[in-house]
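Contents: one structure, followed by commentary.
Order of the sequence lines sets the chain letters (A, B, ...), proteins ahead of strands, with each chain counted from 1. It should be emphasised that the depicted structure is a prediction, and the values quoted were computed from it without experimental measurement.
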Amino acid sequence: MAKGVTKQSVDFAKWYTDVVLKAELADYGPVKGTMVIRPYGYALWENIRNIADEMFKKSGHVNAYFPMFIPESFLKKEAEHVKGFAPECAVVTHVGGKKLKEPLYIRPTSETIIWSMYKKWINSYRDLPILINQWVNIVRWEMRTRLFLRTTEFLWQEGHTAHATASEAEEEARKIIEIYRQLAENYMAMPVHVGGKTDAEKFAGAVRTYTIEAMMGDKKALQVGTSHYLGQNFARAFDVTFLNTENKIEYVYATSWGVSTRLVGAVIMTHGDDKGLILPPKIAPYQIVIIPIWKNDKEKSQVLEAIGKFRGELKSRNIRYLVDDNEQTSPGWKFNQWEVKGVPLRVEIGPRDLEKNQIVLVRRDIKGRKFVSLEKAAESIEKLLETIQNDLFKKALDFREKNTFSVENYDDLKKVIEDGGFVKAFWVGNGDMEAKIQQETKATIRCILFDQKDKGTCFYTKKPADKITIFAKSY
RNA sequence: CGGAGCGUGGCGCAGUCCGGAUAGCGCACCUGAAUGGGGUUCAGGGGGUCGUGAGUUCAAAUCUCACCGCUCCGACCA
């Protein structure tokens, strides 16, 4: 025990839990299903969050904060919504020992409380659009929980926008799913399928749900972000109307969208290997870890002096680094420790290197070491980090494509799902057929792909089809 | 909610079937020394209401009953 993590091939779920715990990303909280996000895990989340936050702001959104307590009556105003969320809500019934007249729901999502406020704020088309986002915790009392992937309480952002026209709201929902795609692919190095959800899989209360779906290391799908076009459903429920340019009263059009701490789980399961985590440089808390090696005080000061030579340059290039000069642990121990923690690049520097005026670079994602001169250290490191970022994406994309199969009939689909992987297939079936397939194979339609122009034959109904869907088992 | 398993120092476990003496091991922790380029070695040390409650017994971690909690596998979900 104590050393290493369970091999992926032995038990992927166990591997995942081992990695989260041993990399010190998170720990179990005292209340069932809750999670403590530890500093290293939180740093990773912060990096992802900050990137997303900047993207939202650049596209015209602003942050705000709404209360976590929602009156029961609010939740009940939108029929689909309450049906979808009420069963998994935590409810406050007592305050100060006294029973409340109206129970307070702890937000499972904030559409209702936000739209109750939008009613106050929106009168005219001149008040639109409202483009608000909030970073908050929410509570959903799920049956089965897994660290980062599905916890009772989790952190996320939820955007809630209000628009004067359906097309503008629709455009917003699509704009956001594109931002999510960029976040996943360009920063987390995680290739995603972008598309729409079927009615069965869409958000409770939405007209349409858009999604990004990624393939994890066990070939299962993970929904990593969703953006919903809500139409006028919530505006009707909360009676939010505005006067348009023609002086006519109209219901407001809405969107909502979110990504959560699940993203952290997605990174782990996209890139990790049997040694532990592998983090893409753009989101890694430490992009490099520098491990100095010495035997005596003389060597120590020489090594530290050498590090000092390129330290400043690392800083000026905005490279996040850590010098692990802990004298209590051996270099070998550090190597292993930082590999579990997924630091993309390790720098070793010891007496032997000083003689040659060099440093040793070891990539986390591939085998082998590289030697570069001390003078070129910072420059080489910066370049290598870029390479690692790109290689991780390529590797993940390659893995997904190798495990994605086109099928022309139902038997083929069953076989692919059985063996593990994504099915890419033409589809025009209805919800009942979808449910039947799910029951028989446990696979669901993860998404109906965007930007798809080919025509073919539905593998299930044999009817002409112009939509391609991804079927997979999912988390 | 259905199925399976587990509660013993901080963590992971053995001991439980077949009751008996001071409850044992690994990791972690503390002290000292040597080590230090792939999870270092040796010596010494601290720490446990055996999940909770009741019962059986001369005697319970061990047998009986009840309760509580957790993890994993299924239906729901970001």
Side-chain angles (χ1 to χ4, degrees), chain A residues 1-6 11-14 16-18 21-22 27-34 83-89 108-109 136-158 180 197 200-204 209 211-214 221-228 256-266 275-276 291-297 299-300 303 325-340 346-356 358-360 362 367 369 371 435 438-439 442 444 473-475:
Chain A
M1 245 340 252
K3 289 179 189 175
V5 296
T6 305
D11 184 343
F12 195 85
K14 184 89 195 314
Y16 176 81
T17 307
D18 282 357
L21 297 176
K22 291 210 167 121
D27 206 346
Y28 291 103
V31 174
K32 180 183 160 67
T34 61
K83 213 172 92 190
F85 284 108
E88 60 191 40
C89 282
T109 177
V136 297
N137 61 333
I138 66 173
V139 170
R140 294 183 189 174
W141 223 268
E142 302 285 354
M143 285 299 186
R144 288 202 51 221
T145 55
R146 303 248 271 119
L147 295 167
F148 286 113
L149 297 178
R150 194 182 307 103
T151 45
T152 300
E153 178 192 4
F154 59 93
L155 305 182
W156 78 345
Q157 58 72 215
E158 46 180 330
Y180 287 166
K197 283 287 186 189
E201 296 275 328
K202 75 181 187 193
F203 176 75
T209 290
T211 181
I212 54 171
E213 301 275 333
L222 184 71
Q223 177 176 310
V224 281
T226 47
S227 175
H228 317 288
S256 70
W257 28 275
V259 291
S260 71
T261 34
R262 171 178 277 189
L263 290 175
V264 174
K275 284 182 179 171
I291 300 184
I293 294 153
W294 63 69
K295 287 181 184 140
N296 52 50
D297 284 349
E299 287 176 354
K300 177 179 172 180
V303 167
D325 56 2
N326 185 345
E327 296 192 47
Q328 306 301 316
T329 51
S330 68
W333 194 90
K334 290 173 186 172
F335 295 167
N336 284 285
Q337 176 70 7
W338 291 109
E339 277 167 5
V340 173
R346 179 174 83 228
V347 177
E348 301 170 22
I349 177 160
R352 274 185 235 155
D353 305 305
L354 291 182
E355 281 171 24
K356 299 178 196 162
Q358 66 174 22
I359 58 167
V360 183
V362 184
K367 281 195 175 117
R369 50 192 60 199
F371 305 91
Q438 175 172 9
Q439 205 175 16
K442 287 176 188 161
T444 50
K473 281 191 200 168
S474 77
Y475 275 91

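Whole-Å rounding puts the Q439(A) CD to G74(B) P distance at 16 Å. Atom CD of E201(A) is separated from atom C1' of A75(B) by 14 Å (rounded to the nearest Å). In this structure, N296(A) atom CG and U35(B) atom C1' are separated by 13 Å, rounded to whole Å. Taking atom NZ on K334(A) and atom P on G37(B), their separation rounds to 10 Å, with Å as the unit. The distance from atom CD of Q328(A) to atom P of G39(B) is 18 Å, rounded to the nearest whole Å. Computed from coordinates, the Q438(A) CD to G74(B) P distance equals 13 Å when rounded to whole Å. One atom, NZ of K22(A), and another, P of A28(B), lie 12 Å apart when rounded to the nearest Å. In this structure, D27(A) atom CG and U71(B) atom P are separated by 12 Å, rounded to whole Å.
Taking only side-chain atoms of R369(A), from C-beta outward, the nucleotide of A78(B), G39(B), G38(B) with the closest atom is G38(B). Distances from the side chain of Y28(A) to the nucleotides G36(B), A78(B), U71(B) place U71(B) closest. Closest to the side chain of P331(A), out of A75(B), G36(B), A78(B), is G36(B). For Q337(A), the side-chain atoms get nearest to G39(B) when compared with the rest of G37(B), C77(B), G39(B). Closest contact between the side chain of E142(A) and the listed nucleotides A78(B), G37(B), A75(B) involves A78(B). Out of U40(B), C77(B), A75(B), the shortest distance to the side chain of W333(A) is found at U40(B). Among the nucleotides U71(B), G38(B), G39(B), the one closest to any side-chain atom of F335(A) is G38(B). Comparing C77(B), G37(B), G38(B) against the side chain of V360(A) picks out G37(B) as the nearest.
One finds the CD atom of E88(A) at 6.0 Å from the CZ atom of R140(A) (value rounded to the nearest 0.5 Å).
Side-chain nitrogen and oxygen atoms of S330(A) include none within less than 4.0 Å of the OP1 or OP2 phosphate oxygen of G39(B).
Cation-pi geometry between R262(A) and F148(A) is not met at under 6.0 angstrom from the ring centre and within 45 degrees of the axis.
Among the atoms of the strands shown, base atoms are found under 4.0 Å from some heavy atom of P351(A). Nucleic acid contact for T211(A): none, since no nucleic acid atom lies under 4.0 Å from a heavy atom of the residue. As judged by a 4.0 angstrom heavy-atom cut-off over every strand, G258(A) is placed among residues making no nucleic acid contact. Nucleic acid contact class of E348(A) (heavy atoms, under 4.0 Å, all strands): base. Residue contacts shown for V259(A) are absent, as no nucleic acid heavy atom lies under 4.0 Å away. Within the 4.0 angstrom heavy-atom criterion, no nucleotide atom of any strand lies near I291(A).
Look at C77(B): it lacks any Watson-Crick or wobble partner with both distances under 3.5 angstrom. If you check A28(B) for Watson-Crick or wobble pairing at under 3.5 angstrom, you find it has no partner at all. Across all strands shown, nothing is found opposite A61(B) as a Watson-Crick or G-U wobble partner with both distances under 3.5 Å. The partner of G5(B), taking Watson-Crick or G-U wobble pairs whose two distances both stay under 3.5 Å, is C70(B). Summarising the base pairing, A21(B) is matched to no nucleotide, lacking a Watson-Crick or G-U wobble pair whose two defining distances lie under 3.5 Å. Look at U49(B): it lacks any Watson-Crick or wobble partner with both distances under 3.5 angstrom.
Put simply, the side chain of D18(A) gets close to the backbone of T6(A): a donor and an acceptor are under 3.5 Å apart. Put simply, the side chain of K334(A) gets close to the backbone of N326(A): a donor and an acceptor are under 3.5 Å apart. Put simply, the side chain of E299(A) gets close to the backbone of K295(A): a donor and an acceptor are under 3.5 Å apart.
Nucleotides G47(B) and A28(B) have their C1' atoms positioned 12 Å apart, rounded to a whole Å. Comparing the P positions of C72(B) and G36(B) gives an interatomic distance of 43 Å, to the nearest angstrom. Nucleotides A66(B) and A78(B), compared at atom P, are 40 Å apart to the nearest Å. Nucleotides C11(B) and C6(B) have their C1' atoms positioned 15 Å apart, rounded to a whole Å. G5(B) and U41(B): their P atoms are spaced 38 Å apart (whole Å). To the nearest whole angstrom, the two C1' atoms, one in G51(B) and one in U71(B), are 15 Å apart.
For the pair G33(A) and T261(A), both in contact range of RNA chain B, the more 5′-proximal nearest nucleotide belongs to G33(A). Along RNA chain B, the nucleotide nearest F85(A) and the nucleotide nearest T329(A) are compared for position; the residue whose nucleotide lies closer to the 5' end is T329(A).
By the 30° and 60° cut-offs, the orientation of the rings of Y180(A) relative to W257(A) is perpendicular.
With hydrogens and angles left out, the side chain of R150(A) and the base of C77(B) share a donor-acceptor pair within 3.5 Å. Judged by distance alone with a 3.5 Å cut-off, no donor-acceptor contact links the side chain of E327(A) to the base of G36(B). Interface remark: the R346(A) side chain does form a donor-acceptor pair with the G38(B) base, using a distance-only criterion of under 3.5 Å.
Aromatic ring centres of F203(A) and F85(A) lie closer together than 6.0 Å.
A78(B) has its base stacked against the ring of F154(A), the centroids being under 5.5 angstrom apart at an interplanar angle below 30°.
Side chains of H228(A) and S256(A): no donor on one and acceptor on the other come within 3.5 Å.
Using a 4.0 Å cut-off between charged nitrogen and carboxylate oxygen, E348(A) and R369(A) count as a salt-bridge pair.
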